[in-house]
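Here is the structure we will look at.
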Amino acid sequence: MPPGDAPHRATADELAALDALTGDGSWDLDGRAIALRHLDKVLFPATASTKAVTKRDLVRYYATAGAAAVPFLRDRPVNVQRFPNGVTAAGFWQKQLPGHAPPWVRRWTNPGAKPGDSEVYAVVDDTPTLVWLGTQGVLELNGWTSTAAAPDAPTWALIDIDPGPETAWAEVLLLAQLFRRALDQLDVRAAAKTTGQRGLQVWVPVADGTSFDHTRAWVERLSRLVAAVVPDLVSWRWHVDQRRGRARLDYTQNARNRTLVTPWSPRPRPGAPVSVPVPWDLVDAAAEAGGAPLQFTVADLLAGGAPAVDPLTPLIGLQQTLPDLG
DNA sequence: GTGGACA
DNA sequence: TGTCCACAACGCCTC
DNA sequence: GAGGCG
């Protein structure tokens, strides 16, 4: 699929065919035949506030959310977290694409792989590939920050607000707002997304050719400026037990083959939370409400409960030079 | 979820 | 034939 | 250099 083309979103007919499948079968999605088994297997058990999510639900989610998620994955190697027996059983990371993947899954060979390293990565260029990963029990996708064409050149600078055990959600929101204020003053465009857990991230699009050394140093610098405003909320200690429960602003993810969870990826946690881009006005509203939750689940999104606007998609490919921070 | 290495 | 097993690993930091 | 950290 050429870059810029809208990825496929499952049609009503395709979804009806998925619902009608009993037992093992093959599902035709956008011209690709996807083998499906154990569709009623529970991958996320029910919680007090959520219903169980089955493999059929997950496939349906990927088939519909692919239209939003694939633009963030396209042309990038992907690292995945797999839970073939559901989120309550042991899972594992996978980088190397198994040889039995369908031939239409795009492959990228890492020229920087050392002996013993993963060499062949999947590239999620279309919705059927995403759905196939779902059939393999992929419950979290981590796309590279750089592209297959230029693996040493990030396209995003990533700000990761990682709360400690003593960090309140309202404080996470405050930190995000402080980043936003700083970015506004610098005339830098960026958008936030939930992580599906307790943190928030701010993604900053950067111009082609920017280096990881540059994005990492820039995010560290900006994070230290923000932390100086609220020194009691942030710790710069390396060891967890020396952070006194405070938040960490983790700039070190800005490196080759270091990844953060992809927008619209589920998280392998009870309730099937999803990492969702959120407009700044939603961050502000949650903060003004004293720390109202900003949490979206697979079930919420299947029911059409996403924010009305995805503020991150319009930033894809924005050629932005990071300003000098003095 | 799947294939490969063993018994 | 069945059962066990693998399926990631970089840069930063402290000691 | 080893090991924690994410």
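Letters go in sequence order (proteins before strands), and every chain restarts at 1.
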Which nucleotide in dG3(B), dG6(D), dA9(C) has an atom nearest any side-chain atom of His100(A): dG3(B)
In whole angstrom, give the distance that lies between atom CG of Leu58(A) and atom P of dG1(B). 10 Å
Using the side-chain contact (heavy atoms from CB on, under 4.5 Å) rule, pick out the option among Leu183(A), Leu233(A), Leu225(A), Val230(A) that qualifies with Leu178(A). Val230(A)
Quick check: do Phe296(A) and Val278(A) have side-chain heavy atoms less than 4.5 Å from each other? yes
Could you state the atom-to-atom distance from CD of Gln253(A) to C1' of dA9(C) in whole Å? 13 Å
What is the distance, to the nearest angstrom, from the CG atom on Asn254(A) to the P atom on dC12(C)? 11 Å
Do Glu14(A) and His8(A) have side chains that get closer than 4.5 Å, going by heavy atoms? yes
In whole angstrom, give the distance that lies between atom NE2 of His239(A) and atom C1' of dC12(C). 11 Å
Report the C-alpha separation of Trp144(A) and Tyr121(A) in whole Å, then their side-chain angles, then the decisive distance to 0.1 Å, and conclude whether the ring pair (Phe, Tyr, Trp, His ring centres under 6.0 Å) test is met. CA-CA 11 Å; Trp144(A) 282 32; Tyr121(A) 288 72; 5.3 Å; yes
Nearest to the Gln136(A) side chain among dA9(C), dG6(D), dT2(B), which nucleotide is it? dT2(B)
Counting side-chain heavy atoms from C-beta on, which of dC7(C), dG6(D), dC15(C) comes nearest to Phe92(A)? dC7(C)
Please report the distance separating the C1' of dG3(D) from the corresponding atom of dA9(C), rounded so that it comes out in whole Å. 14 Å
Between dG11(C) atom P and Trp144(A) atom CH2, what is the distance in whole Å? 10 Å
Atom-to-atom span, CG of Asp24(A) to C1' of dT2(B) - whole angstrom: 14 Å
From the options dG6(D), dG11(C), dG1(B), select the nucleotide whose nearest atom is closest to the side chain of Arg82(A). dG1(B)
Regarding Arg82(A) and the six-membered ring of Trp93(A), is the cationic atom NZ or CZ under 6.0 Å from the ring centre and inside 45° of its axis? no
Asp117(A), nearest nucleotide to its side chain (from dG6(D), dA8(C), dC10(C)): dC10(C)
Examine dT2(B): is either OP1 or OP2 under 4.0 Å from a nitrogen or oxygen in the side chain of Arg37(A)? Give yes or no. yes
Using a 4.0 Å heavy-atom cut-off, does Asn79(A) contact any base of the nucleic acid, only the sugar-phosphate backbone, or nothing at all? nothing
Could you check whether Asn85(A) gets within reach of a base, just the sugar-phosphate, or nothing at all, counting any heavy atom under 4.0 Å? nothing
Need one value for Tyr251(A): base, sugar-phosphate or nothing, where a base atom within 4.0 Å counts as base even if backbone is also close, heavy atoms only. sugar-phosphate
Could a donor-acceptor pair under 3.5 angstrom be found where the side chain of Arg256(A) meets the base of dG11(C)? no
Side chain of Arg258(A) only, heavy atoms from C-beta on: which candidate in dG6(D), dG3(B), dG1(B) is closest? dG6(D)
Would you say Ser118(A) places a side-chain N or O within less than 4.0 Å of OP1 or OP2 belonging to dA9(C)? yes
Would you indicate, yes or no, if dG6(D) has its OP1 or OP2 atom less than 4.0 angstrom from a side-chain nitrogen or oxygen of Arg243(A)? yes
Considering the options Asp57(A), Thr88(A), Leu139(A), which one meets the side-chain contact (heavy atoms from CB on, under 4.5 Å) requirement together with Leu43(A)? Leu139(A)
Which whole-number value in Å describes the distance from Asp250(A) CG to dG11(C) P? 14 Å
What is the distance, rounded to the nearest whole Å, between atom CZ of Arg216(A) and atom C1' of dC12(C)? 8 Å
Is there a side-chain polar atom (N or O) of His38(A) under 4.0 Å from OP1 or OP2 of dG1(B)? yes
State which of dA8(C), dC15(C), dG11(C) makes the closest approach to the side chain of Gln96(A). dA8(C)
